[in-house]
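Some notes on the structure that comes next.
Computed from a prediction, not measured in an experiment: that's the story for all the values here.
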Amino acid sequence: MKKLKRFSDLVYTVVRKIPKGSVLTYKEVAKRAGSPLAFRAVGTILSKNFDPAIPCHRVIRSDGAMGGYNRGISEKIRKLKSEAR
DNA sequence: CGTATGACGTGCA
DNA sequence: GTGCACGCCATAC
């Protein structure tokens, strides 16, 4: 296995572990990824990620606003609304 | 290494 | 509540 895991890989792993009906903030994800101050990088990385296996739509900003979504912000809201409980 | 970019966060007017 | 500026980190070139 590659131990040269990039911060991006950690972010993907963390986001992938987000249970349905739950949402984590970029800050939380960054913290779980190992760098609580890399929330900026989290957004940068997720923006480059186009993997549908990553529920990046469950990651929102700390103010509760939707940052964005590689497939369209509308899809993000749609998914969250669908999974929202 | 320096510069530029980005789905952020916080502070202030 | 809204808009703007600065600071933060990781990645790409």
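OP1 and OP2 of C/dA10 both lie 4.0 Å or more from every side-chain N or O belonging to A/T44. Proximity of A/S35 to the phosphate of C/dA10: a side-chain N or O atom is located under 4.0 Å from OP1 or OP2. Contact check, A/R6 against C/dA10: no side-chain N or O comes under 4.0 Å of OP1 or OP2.
A donor-acceptor contact shorter than 3.5 Å is absent between the side chain of A/D63 and the backbone of A/A65. The backbone N or O of A/V59 lies less than 3.5 Å from a partner atom in the side chain of A/K76, making a donor-acceptor pair.
When distances run from any side-chain atom of A/R61 to the nucleotides C/dA10, B/dG9, B/dG6, the shortest one goes to B/dG9. For A/K27, taking side-chain heavy atoms from C-beta onward, the closest of the listed nucleotides C/dA10, B/dG9, B/dA7 is B/dG9.
Per the geometry, CZ belonging to A/F39 stands 18 Å off P belonging to B/dG6, to the nearest Å. Computed from coordinates, the A/I54 CD1 to B/dA7 C1' distance equals 14 Å when rounded to whole Å. Straight-line distance from the CG atom of A/D63 to the C1' atom of B/dA7: 13 Å, rounded to whole Å. Counting to the nearest Å, the C1' atom of B/dG6 and the CG atom of A/N49 are 14 Å from each other. Here C/dA10 presents its C1' atom at 11 Å from OH of A/Y12, a figure rounded to the nearest Å. Rounded to whole Å, the distance from CG on A/L37 to C1' on B/dG6 is 17 Å. The distance from atom CG of A/L46 to atom P of C/dT11 is 12 Å, rounded to the nearest whole Å. In this structure, the NZ atom of A/K48 is 6 Å from the P atom of C/dA12, given to the nearest Å.
For the atom pair OG of A/S82 and CD of A/E75, the computed distance is 9.5 Å after rounding to the nearest 0.5 Å.
For the side chain to side chain contact (heavy atoms under 4.5 Å, CB included) with A/R32, the qualifying choice from A/L10, A/V14, A/I18 is A/V14, the only one to do so.
A/A38 comes within 4.0 angstrom of the backbone, heavy atoms only, and of no base. Among the heavy atoms of the strands lying under 4.0 Å from A/G68 is at least one base atom, whether or not backbone atoms are also near.
Enclosure of atom NZ in A/K81 is not indicated, since only 12 or fewer non-hydrogen atoms of other residues, nucleotides or ligands lie within 6.0 angstrom.
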